[in-house]
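Contents: one structure, followed by commentary.
No hydrogens, no waters, no symmetry mates; every other heavy atom, side chains included, goes into these values. Each ligand, and each atom within it, is numbered from 1 in the order the structure gives.
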Amino acid sequence: MPDLILFVAPNTCARVATIALEEIGVSFETSLVRTAANQQNSEEFLELNPKGKVPTLLIDGMPLTENVAILSWLAAEFPEAHLLPATYTNLEQLKQTADLAFFAGTVHPIVTRIAMPMKTITDAALSFEIVRPPAIKDMDKTMAMIETRLAQGPWWYGADWSIVDGYLYWVWARITGVGYDGSAYPNIQRHFALNNERPAVQRAMAREDVNIETLKSENLYMAPR
Ligand SMILES: N[C@@H](CCC(=O)N[C@@H](CS)C(=O)NCC(=O)O)C(=O)O
């Protein structure tokens, strides 16, 4: 088994990789990155990931970055965990990559505009007024599409859970956690509730809770707002 260390921060998209590792059931450690102290841009961390982002997965000491790559690597390395459905052609496999890339490259930036609008314009108060409302409109369009897809569910690929569902789980928690109104999307609400019942998801959230307590004790916890 490879030695696995996942660099994480609470409430971030590192939750998706944490869920993936918990679903696999492989032994791994998480290493908390204190973003409020800008640890992601420390010399030490930038040596591992020059982009200064979580998640970063150390595999036998070698860093792998980007959720799409980390999740694809985990799915291929641990096929018995069925993080993604089995594929038989290059095209089928690339369609799964497209699904992961959709969450990483299309949905995640909208999440950031809603949950961290101050990353788009520096005036924090103004950012909530100017950046968030149009982002909510973009998210409504995205969620309407996902709601339709999940009508055949309960999961993204139908009957069986996949890590794409873990991605949607994080997105939904992140946006509703800052007040996004999800009432028009009953299929996504059911999807979120079903995810919450999964032992692996519960273990991932428990790991995150430990990190939140650590940050609180250090006065470094930034609660979502
Ligand atoms: N494309 C990257 C995005 C990673 C990313 O943006 N991570 C955020 C947390 S959700 C982060 O590390 N933010 C810290 C910062 O930007 O300083 C991926 O999918 O892994």
Side-chain angles (χ1 to χ4, degrees), residues 4-22 28 30-59 62-77 83-84 94 96-122 124 127 131-132 135 138-139 142 156 162-178 180 201 204-205 207-209 211-212 214-215 218 220-225:
L4 299 171
I5 302 174
L6 184 68
F7 288 83
V8 298
N11 302 314
T12 69
C13 61
R15 183 180 299 167
V16 189
T18 311
I19 291 172
L21 285 157
E22 287 290 359
F28 72 103
T30 55
S31 179
L32 174 60
V33 178
R34 289 152 173 84
T35 52
N38 205 24
Q39 213 174 11
Q40 70 276 29
N41 291 311
S42 64
E43 208 176 305
E44 200 188 355
F45 188 77
L46 291 176
E47 261 180 40
L48 298 176
N49 181 353
K51 293 169 276 190
K53 302 282 183 196
V54 294
T56 296
L57 180 64
L58 274 192
I59 307 162
M62 305 276 286
L64 182 63
T65 66
E66 301 294 327
N67 258 313
V68 175
I70 292 169
L71 302 173
S72 301
W73 181 80
L74 289 172
E77 188 71 12
L83 288 182
L84 290 167
L94 284 169
Q96 292 180 348
T97 305
D99 290 337
L100 292 174
F102 166 65
F103 278 94
T106 300
V107 186
H108 185 166
I110 309 174
V111 173
T112 304
R113 284 162 55 213
I114 293 175
M116 309 276 281
M118 66 298 273
K119 283 199 164 230
T120 306
I121 55 170
T122 45
S127 75
V131 178
R132 193 177 261 180
D138 288 347
M139 189 58 85
T142 306
W156 183 263
S162 76
I163 195 54
V164 178
D165 297 294
Y167 228 137
L168 175 57
Y169 175 76
W170 169 70
V171 166
W172 191 251
R174 195 71 182 92
I175 59 176
T176 56
V178 295
Y180 179 82
V201 170
M205 295 307 293
R207 281 186 189 254
E208 219 170 291
D209 285 345
N211 283 335
I212 289 173
T214 302
L215 291 177
E218 297 171 359
L220 288 175
Y221 182 58
M222 292 184 298
R225 63 190 175 118

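- Less than 4.0 angstrom separates some heavy atom of Cys13 from each of these atoms of ligand 1: 4 (C), 5 (C), 7 (N), 10 (S).
- Contact between Lys119 and ligand 1 is present, with at least one heavy atom of the residue lying under 4.0 Å from the ligand.
- Nearest protein neighbour of atom 7 (N) of ligand 1, counting heavy atoms only, is Val54 O, 2.8 Å.
- Considering backbone and side-chain N/O of Ala104, none are found under 3.5 Å from N/O of ligand 1.
- For atom 3 (C) of ligand 1, the closest non-hydrogen atom on the protein side is His108 CE1, 4.1 Å.
- Using a distance-only test at 3.5 Å, with no hydrogens or angles considered, no donor-acceptor pair links the side chain of Trp156 to the main chain of Ser162.
- Residue-to-ligand polar distances keep Trp170 apart from ligand 1: every N/O pair is separated by 3.5 Å or more.
- The contact set between ligand 1 and Pro55, taken as ligand atoms under 4.0 Å from a residue heavy atom, comprises 20 (O).
- At least one cation-pi condition fails for Arg34 and Tyr221: the charged atom is not both under 6.0 angstrom from the six-membered ring centre and inside a 45 degree cone around its axis.
- Under the 4.0 Å criterion applied to side-chain N and carboxylate O atoms, Lys53 and Glu66 are not assigned as salt-bridge partners.
- The backbone N or O of Ile114 sits less than 3.5 Å from a side-chain atom of Arg132, completing a donor-acceptor pair.
- Not a single N or O atom of Thr35, backbone or side chain, sits closer than 3.5 Å to an N or O atom of ligand 1.
- Shortest non-hydrogen contact noted between Val54 and Ala9 is CG2-N, 4.1 Å.
- Polar contact check, Gln40 against ligand 1: a nitrogen or oxygen pair lies under 3.5 Å apart.
- Nearest to atom 2 (C) of ligand 1 among the protein's heavy atoms is Glu66 OE1, 3.1 Å.
- Applying side-chain contact (heavy atoms from CB on, under 4.5 Å) to Phe28 and the options Ile5, Leu58, Leu4 leaves one that passes, Leu4.
- Counting protein heavy atoms only, atom 20 (O) of ligand 1 is closest to Asn67 N, 2.9 Å.
- Contact detail for Pro224 and Val178: the closest heavy-atom pair is CB-CG1, 3.9 Å.
- For atom 9 (C) of ligand 1, the nearest non-hydrogen atom of the protein is Thr12 CB, 3.6 Å.
- Regarding atom 11 (C) of ligand 1, its nearest protein heavy-atom neighbour is Lys53 CD, 3.6 Å.
- Asn67 places a side-chain N or O within donor-acceptor distance of the main-chain N or O of Cys13, the cut-off being under 3.5 Å.
- Contact record, Ile70 with Ala17: CG2-CB, 4.1 Å, taken as the closest heavy-atom pair.
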